[in-house]
**Student:** 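Right, I'll just put the structure down here and ask away after.
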2 protein chains.
Amino acid sequence: MPRKVIENPNSCTLVHAMNMIGGKWKPIIIYLLANGALRFGKLLIFIPNISKKVLTQQLRELEEDGIIIRQRFAETPPRVEYSLSERGKGLLPVLKQLSMWTEDNFKSIEFEACRIVTL
Amino acid sequence: MPRKVIENPNSCTLVHAMNMIGGKWKPIIIYLLANGALRFGKLLIFIPNISKKVLTQQLRELEEDGIIIRQRFAETPPRVEYSLSERGKGLLPVLKQLSMWTEDNFKSIEFEACRIVTL
DNA sequence: ATTTGTGGTAACTAATTGGTAACTATGCCT
DNA sequence: AGGCATAGTTACCAATTAGTTACCACAAAT
């Protein structure tokens, strides 16, 4: 099933960007991959409450958009590693800036519990 | 009806940020307000295909998060103006950077039709 | 022969989001 | 009195997204 992309005749860069990274878990996935490749199973563990199905979906979409790279090893049991592409790495400063904006503006909110994602 | 916020015990700055600006039209609204206040009706015209109800919702949420300011004038017919708060203005560089990332990485896509939002 | 682990897929359901159309409130104008 | 304009709200429905559960394929280990 092709994901639904906003069919806006005036689609602009921001809309396009949000279509790509606006998914519920996508920024987390990107940030988790910032420090190197991770296997499917690890991502499943690191991202609380995400289901296999949804993780698969989000990874597929990120791959489609060339943000991450999927590498499959011909082993058994199978091993699949996901890593950021160059394009994906280019997103890190943006996410970092966004993260800093949030920290500066919403200090009061409890962010202590999430060291996995905060760089 | 309170909007559904991601109930992630490991909620992090990025998740929080995406909860605030990840809405379908929110980046557009923020960018439209970058150059000054706009009335409800103008936003409705500038944002293609958005419905009144959804525009109202998005504006309310942005206001809740302190990103925009709603100013109601006691006139008839009523006039309501929306503008960026300081917090909201702090978001502009981030969005600009995101927009640039998209332009750099997806040159081929047609962005000509959307001069309203691209700064 | 059966179990284990990995990375899925399929079918189904629940939750959330987005959209339409009709309606409201207010004061002005005719 | 009736209509207009603005900025909504409400009820209802459609579309989209997310989640659950069960299952598969493969080889190695037990």
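First the proteins, then the strands, lettered A, B, ... as listed; each starts at 1. Everything numeric in this text was worked out from a predicted model, so none of it was measured.
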**Student:** Do the side-chain N or O atoms of B:R39 get closer than 4.0 angstrom to the phosphate oxygens (OP1, OP2) of D:dT6?
**Tutor:** no
**Student:** OP1 or OP2 of C:dA25 sitting under 4.0 Å from any side-chain N/O of B:R72?
**Tutor:** no
**Student:** How many whole angstroms separate atom CG of B:L55 from atom C1' of D:dT9?
**Tutor:** 14 Å
**Student:** Contact between A:K96 and A:W101 at the side-chain level, heavy atoms closer than 4.5 Å - yes or no?
**Tutor:** no
**Student:** Given atom CD1 of A:I50 and atom P of D:dG19, what is their separation to the nearest angstrom?
**Tutor:** 7 Å
**Student:** Check whether any side-chain N or O of B:K24 sits under 4.0 Å from OP1 or OP2 of C:dG19, and answer yes or no.
**Tutor:** yes
**Student:** If you check every side-chain atom of B:Y82, which of D:dG8, C:dG18, C:dT20 has the closest atom?
**Tutor:** D:dG8
**Student:** Specify the residue among A:S51 and B:L59 whose closest nucleotide of DNA chain D lies further upstream toward the 5′ end.
**Tutor:** B:L59
**Student:** Using a 4.0 Å heavy-atom cut-off, does B:Q58 contact any base of the nucleic acid, only the sugar-phosphate backbone, or nothing at all?
**Tutor:** sugar-phosphate
**Student:** Rounded to the nearest Å, what distance is computed from the NZ atom of residue B:K52 to the P atom of nucleotide D:dT6?
**Tutor:** 9 Å
**Student:** So, does B:S85 use its side chain to make a donor-acceptor pair with the main chain of B:G66 at under 3.5 Å?
**Tutor:** yes
**Student:** Looking at A:R79, does any N or O in its side chain come under 4.0 Å of the phosphate oxygens OP1/OP2 on D:dC26?
**Tutor:** no
**Student:** Strictly below 4.0 Å: does A:K53 bring a side-chain N or O up to OP1 or OP2 of C:dG7?
**Tutor:** no
**Student:** Any salt bridge linking A:E61 with A:K26? Criterion: basic side-chain nitrogen under 4.0 Å from a carboxylate oxygen.
**Tutor:** yes
**Student:** Would you find a donor on one side and an acceptor on the other, under 3.5 Å apart, between the side chain of A:S99 and the backbone of A:L95?
**Tutor:** no
**Student:** Can you confirm whether the side chains of B:T102 and A:T13 place a donor and an acceptor under 3.5 Å from each other?
**Tutor:** no
**Student:** Quick check against the 3.5 Å criterion: does B:R87 have a side-chain atom that pairs as donor or acceptor with the backbone of B:D65?
**Tutor:** yes
**Student:** Below 3.5 Å between N/O atoms, which protein atoms pair up with nucleotides 26-30 of chain C? Just atom names and distances, please.
**Tutor:**
{"unit_1": "C:dG27", "atom_1": "O4'", "unit_2": "B:T76", "atom_2": "OG1", "d": "3.3"}

**Student:** Just to confirm, is there a sub-4.0 Å distance from OP1 or OP2 of C:dG8 to any side-chain nitrogen or oxygen of A:Q57?
**Tutor:** no
**Student:** Which nucleotide sits closest to the side chain of B:V80: C:dG7, C:dG18, D:dG8?
**Tutor:** D:dG8
**Student:** Are the side chains of A:V15 and B:W25 in contact, using a 4.5 Å heavy-atom criterion?
**Tutor:** no
**Student:** If we fit an axis to the first five pairs and another to the last five of the helix from C:dA1-D:dT30 to C:dT30-D:dA1, what angle do they make, to the nearest 10°?
**Tutor:** 30°
**Student:** Answer yes or no: does a side-chain N or O of B:R60 lie under 4.0 Å from OP1 or OP2 of D:dA7?
**Tutor:** no
**Student:** Assign the ring pair B:Y82 / B:F40 to parallel, tilted or perpendicular, where the plane angle (0 to 90°) is split at 30° and 60°.
**Tutor:** tilted
**Student:** State which residue, out of A:R39, A:E75, A:R70, A:Q71, fulfils the side-chain contact (heavy atoms from CB on, under 4.5 Å) condition with A:V80.
**Tutor:** A:R70
